[in-house]
Amino acid sequence: MSSTEQASGPTRIDDLPIRAELRGQSPYGAPQLDVPVRLNTNENPYPLPEPLVERIAERVREVARDLNRYPDRDAVELRTELARYLTRTGGHPLRREQIWAANGSNEVIQQLLQTFGGPGRTALGFEPSYSMHALIARGTGTRWVSGPRGADFTVDVPRAAAAIAEHRPDVVFVTTPNNPTGNAVPAETVLALYEAAQAAKPSMVIVDEAYVEFSHGTSLLPLLAGRPHLVVSRTMSKAFGAAGLRLGYLAADPAVVDAVQLVRLPYHLSAVTQATALAALEHTDTLLGYVEQLKSERDRLVTELRALDFEVTESDANFVQFGRFEGPGGSHAAWQRILDHGVLVRDNGVPGWLRVSTGTPAENDAFLDAVRALRHGPGADDSAEQTQQTQKKQEQGA
Ligand code: PMP
């Protein structure tokens, strides 16, 4: 222990000369608890299939010999394969020059904010939404503005356009399907917001499609044609079941890809990451097969939760927002009681609501047993009744 430490105790973050806007803030931190059923971070519950594990090992072995060299800085082969994947599945032809990849879509978003946001600039997103958009804005010195969502969590065009006109943001985020609410934003709404953003500034519109493969609808990639200020961001963390890989990517006008080169770190995407992602892309069809299973399990969760008198937000994602918990302790008390049954769901801080990721059928059964106990088990509260009463009051205009 140093003499300073003995005199004044351990150094705390706020004792350091950190940036003023970081003082007193908390880092992103979904609880990583060791419980039997973890349905709190929207991961894909299926481990990678064995033939893909073999292929990854093979591809990584090939690049391992060359790890004395820096990797392909422009990730040409990987971007070519990502363009091929999007062209095949997104309803819109894309070239490698329109694709950029980074360590998770979080890094893609960070690079976009470093390029188009920053000190003196503003980003706006419609909340509740993915909390990292605001956190990455803060990390890049970009001012964050919380735009409106309706009580049903949809984005209302006149209200949203008014917020854009008022704040004239440099960057607008549209998350579709949205996290944590699960609902998708219609293409017409995104188009109207794009027009509003161009009239106000013009600004960049980032469509975060992290969950689009689970959607009942289609990707917004076709909207890219003729819209150089539109960016679609994607990830291999969800549909490809590869959250541990850390591979996100964007599709946009080639000029956007050129622009993010100005801020990306040289050789940011390791040779091991590129090789692993390429192996996963070789197995796209198998992995998308799991997506179909997860979609039908997601729909089962929606149906069964509704049968238990929970309110459920329409879901186009691999998770479901359910509620409402207005009794004593609200959603946090319900979260704890579900956890007491060994099932970890997510309290995203949306008052009255919780979010559950779709797991394997057995995990989903465990979750449904836990929420059934919430309704009917010992100590069950009367929140179903309360929800119905609240709904009635709302219908009566109370
Ligand atoms: N966008 C949304 C909407 C998300 O929910 C997430 C992760 N939960 C991400 C982006 C980031 O994912 P990743 O960095 O793993 O690609």
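Reckoned from all heavy atoms, side chains included, excluding hydrogens, waters and symmetry mates. For ligands, and for the atoms within them, numbers begin at 1 and follow the listed sequence.
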**Prompt:** Could Arg55 and Glu58 be called an ion pair, given the rule that one side-chain N must be under 4.0 Å from one carboxylate O?
**Reply:** yes
**Asked** Can you tell me the protein heavy atom closest to atom 5 (O) of ligand 1 and the distance?
**Response** Tyr211 OH, 2.6 Å
**Item:** Contacting atoms of ligand 1, where contact means under 4.0 angstrom from a heavy atom of Ser237
**Value:** 13 (P), 15 (O), 16 (O)
**Request:** Looking only at protein heavy atoms, identify the closest one to atom 14 (O) of ligand 1 and say how far it is in Å.
**Result:** Arg246 NH2, 2.8 Å
**Ring-face cation contact, Phe310 with Arg375, 6.0 Å cut, 45° max** = yes
**Asked** Nearest protein heavy-atom contact for atom 11 (C) of ligand 1: which residue, which atom, what distance?
**Response** Ser105 OG, 3.2 Å
**Request:** Evaluate the ring planes of Tyr267 and Tyr70, with Trp represented by its six-membered ring, and classify them as parallel (under 30°), tilted (30 to 60°) or perpendicular (over 60°).
**Result:** parallel
**Request:** Identify, for atom 6 (C) of ligand 1, the protein heavy atom at the shortest distance, and state residue, atom and that distance.
**Result:** Tyr130 CZ, 3.4 Å
**Message:** So is Ala210 touching ligand 1 or not, going by heavy atoms under 4.0 Å?
**Reply:** yes
**Prompt:** Nearest protein heavy atom to atom 1 (N) of ligand 1, by residue and atom, and its distance?
**Reply:** Asp208 OD2, 2.7 Å
**Prompt:** For Asn179 and ligand 1, does the shortest N/O to N/O distance drop below 3.5 Å?
**Reply:** yes
**Item:** Close approach, Lys238 and ligand 1, non-hydrogen under 4.0 angstrom
**Value:** yes
**Message:** I'd like to know if Arg372 pairs up with Asp369 as an ion pair, taking the criterion as any Lys NZ or Arg NE/NH1/NH2 lying under 4.0 Å from an Asp or Glu carboxylate oxygen.
**Reply:** yes
**Message:** Test of understanding: given a 4.0 Å heavy-atom threshold, classify the contact between Thr175 and ligand 1 as side chain, backbone, both, or neither.
**Reply:** side chain
**Message:** Is there a polar contact between ligand 1 and Asn42, counting only N or O atoms under 3.5 Å apart?
**Reply:** no
**Message:** Side chains of Asn42 and Tyr211: any donor to acceptor distance under 3.5 Å?
**Reply:** yes
**Asked** Relative to each other, are the rings of Trp144 and Phe173 parallel, tilted or perpendicular (30° and 60° limits)?
**Response** tilted
**Request:** Identify whether the distance between the nearest side-chain nitrogen and carboxylate oxygen of Arg300 and Asp365 falls below 4.0 Å.
**Result:** yes
**salt_bridge(Glu314, Arg306) N-O dist < 4.0 Å** = yes
